[in-house]
There are 2 protein chains.
Amino acid sequence: MEHINYKEDTEALARFAKALGHPTRIAILRYLENQSCCFTGDLVEVFPLAQSTISQHLKELKLAGLIQGELKPPKIKYCINHENWETAKALFNSFFEIHVEDNACST
Amino acid sequence: MEHINYKEDTEALARFAKALGHPTRIAILRYLENQSCCFTGDLVEVFPLAQSTISQHLKELKLAGLIQGELKPPKIKYCINHENWETAKALFNSFFEIHVEDNACST
DNA sequence: ATTTTACATCGCAAATATACGATAAGAATT
DNA sequence: AATTCTTATCGTATATTTGCGATGTAAAAT
């Protein structure tokens, strides 16, 4: 409830991870990946989920900054937000870079 | 509620991401990182959270396979599970590897 | 045998997430 | 102006998450 103040990097990484923490959202991003970049609401035909549910997942991905929507009336073209994508990538990369010098465990 | 059947990679990535989707858990892992490998329950002194709360976060990290506990009575030594860590790292790496050939958007 | 130490687990409350159908909203078409 | 198409949002139900204090547990120390 209260807010512990973590470093901004930590919070940012957790936010990205949270957005990626649902298989449907991973699948949506992979789909966007395959479509090279763009896409329309045919996600609804690809996934066995209600349109409102898909829309909600897209909203979360957008909120996390991983995708962006561009109005192409009457449709909306969703693309990966490459700037934030790179940010996320870098955060995960450096997070997973662990330098374990041997097994220096204090037994 | 029902289970859409995603590819195992997708589910695995989402599981890891979900476990990383809380700043406290990121911070715990970073702490483990800094301690080279091992650690005891002094997390409770580091974080302004109840012991039961810390224990719960550790449980989730353990469930996700990111850490492991070794009994060193009367304490428990937690370490990063390097095997699964590498698995997660590889999953995130390949996920973020996007090859966008130009901006081949179908406008 | 009792006490202490170090964690885990239980039970609870509040908040958040997930999914759906129904409805709203915006622009284009008729 | 009414209809259609595409997407967002609302309201709701259920499930999961997060946090806490209290209690349980297992081994070590007294």
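What's counted below: heavy atoms across the whole structure, side chains too, no hydrogens, waters or symmetry copies. A, B, ... follow the sequence lines: proteins, then strands. Residue 1 opens every chain.
Checking dA8(D), dT7(D), dA19(C) against the side-chain heavy atoms of Lys75(A) singles out dT7(D) as nearest. Comparing dT9(C), dA8(C), dA19(C) against the side chain of Leu49(A) picks out dA19(C) as the nearest. Considering only the side chain of Leu58(B), dA8(C) comes nearest among dA8(C), dT18(D), dA8(D). Comparing atom distances between the Tyr78(B) side chain and each of dT7(D), dA19(C), dC7(C) picks out dC7(C) as nearest. The side chain of Ser52(B) has dA22(D) as its nearest neighbour among dT7(D), dG19(D), dA22(D). Each of dC7(C), dT18(C), dT18(D) was ranked by its minimum atom distance to the side chain of Gln56(A); first place goes to dT18(C).
Between Leu66(B) and Ile80(B), every side-chain heavy-atom pair lies at or beyond the 4.5 Å cut-off. Looking only at side-chain heavy atoms (C-beta outward), Arg30(B) and Leu13(A) come within less than 4.5 Å of each other.
Atom CG of Asp42(A) and atom P of dC5(D) are 16 Å apart (whole Å). Note: CD (Gln51(A)) to P (dT6(D)) measures 11 Å, nearest angstrom. The separation between Tyr6(A) atom OH and dT18(D) atom C1' is 12 Å, rounded to whole Å. If you measure from atom CD of Glu45(B) to atom C1' of dC7(C), you get 14 Å, rounded to the nearest angstrom. For the pair Ile54(B) CD1 and dA6(C) P, the interatomic distance rounds to 16 Å; values are reported in whole Å. Here the P atom of nucleotide dA6(C) and the CD atom of Glu70(B) are 18 Å apart, to the nearest Å. Atom pair Leu43(A):CG and dT6(D):P shows a separation of 14 Å (rounding to whole Å applied). Rounded to a whole Å, the NE2 atom of His22(B) is 18 Å from the P atom of dT16(D).
Within the 3.5 Å criterion, the main-chain N or O of Phe96(B) finds a donor-acceptor partner in the side chain of Trp85(A).
Residue-level contact check: Glu60(B) touches the backbone only, with heavy atoms under 4.0 Å from sugar-phosphate atoms and none from bases.
Nearest-nucleotide positions on DNA chain C for Ala50(A) and Leu71(A) put Ala50(A) closer to the 5' end.
Side-chain heavy atoms closer than 4.5 Å link hydrophobic residues (I, L, V, M, F, W, Y) into clusters, and following such links, possibly through other members, connects Ile4(B) to Leu20(A). By the criterion of side-chain heavy atoms lying less than 4.5 angstrom apart, applied directly or through intervening Ile, Leu, Val, Met, Phe, Trp or Tyr residues, Ile76(A) is not grouped with Leu63(A); the two fall into different hydrophobic clusters.
Taking 4.0 angstrom as the limit, His57(B) places a side-chain polar atom (N or O) nearer than this to OP1 or OP2 of dG19(D). At dA17(C), one or more side-chain N or O atoms of Lys18(A) fall inside 4.0 Å of OP1 or OP2 (strictly under the cut-off). Checking the phosphate oxygens (OP1, OP2) of dC20(C), a side-chain nitrogen or oxygen of Thr53(A) falls inside 4.0 Å.
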